[in-house]
Amino acid sequence: YSDALSGSTAGIGCVGEIVKHERLINDRFFIICKGQEQFCITDLVRTKPYLVAKVTWLEDRPSGEENLDELANEIEVLMKEVIRFSNRLNGKLEKEAQDLRKNQFPTPFSFFVGSTLEGAPMEQQALMELEDTEARLKRERETLRNTLNYLTAASAVKDVFSSP
């Protein structure tokens, strides 16, 4: 992550696999990436024409006592509700959300959840910097709850103003 305003680069990043790309006007690209492995920047080698750094690879630390499968399942339910409300607000057909977790263990699922927060790059960065799956899942649960509260309120307001 690089902050366009300050020009600063985050100290923790993720190797990304390009899943899909589309060429845009002005020689720009729209790229969808899938995170592969976290790293911590230990030394900047150069910054121009692109960033090159020495890194150390990171692994999640073992979590505490909470049942992570239970927490991951709760987050999947919240994600389905967020999708349902988002679709409703955007006038899309309501259909049953599919299996979002796809039998993933809690750690890879936690990274998937963070990747879905496309409009919030700073929150995505904060989630990626957490080296504890339980802490990441708890923060994602809170983020999804806040999002759901916002969407619920927006939906109620829309219903009031669109009713005859």
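In this chain, numbering begins with 1 at the start of the sequence shown.
Residues meeting the salt bridge (Lys or Arg N to Asp or Glu O under 4.0 Å) test with E123, sequence neighbours left out: R139. The side-chain hydrogen bond (donor to acceptor under 3.5 Å, both in side chains) check on Q125 picks up E129, with sequence neighbours excluded. Every residue was checked against the side-chain hydrogen bond (donor to acceptor under 3.5 Å, both in side chains) condition with E22, not counting sequence neighbours, and none meets it. By the side chain to side chain contact (heavy atoms under 4.5 Å, CB included) test, I25 is found to be paired with no residue, residues two or more places apart in sequence or in another chain being considered. Scored by the side chain to side chain contact (heavy atoms under 4.5 Å, CB included) test, T116 finds M79, F112 as partners (sequence neighbours excluded). Under the rule for a side-chain hydrogen bond (donor to acceptor under 3.5 Å, both in side chains), the partners of S155 that lie at least two apart in sequence or sit in another chain are R88. Under the side chain to side chain contact (heavy atoms under 4.5 Å, CB included) criterion, R84 pairs with E81, E94, not counting sequence neighbours. D27 meets the salt bridge (Lys or Arg N to Asp or Glu O under 4.0 Å) test with R23; sequence neighbours excluded. Residues that satisfy the side chain to side chain contact (heavy atoms under 4.5 Å, CB included) test with T147, not counting sequence neighbours, are V82, T143, L151.
F29 forms part of a hydrophobic cluster together with I18, I31, judged by ILVMFWY side-chain heavy-atom separations under 4.5 Å. Its side chain within the 4.5 Å cluster rule, V55 clusters with V15, F39, I41, L44, L51, W57 among the Ile, Leu, Val, Met, Phe, Trp and Tyr residues.
In this structure a side-chain-to-backbone donor-acceptor pair under 3.5 Å is present from E76 to R101.
The stretch residues 46-58 participates, sequence neighbours left out, in no salt bridge (Lys or Arg N to Asp or Glu O under 4.0 Å) pair at all.
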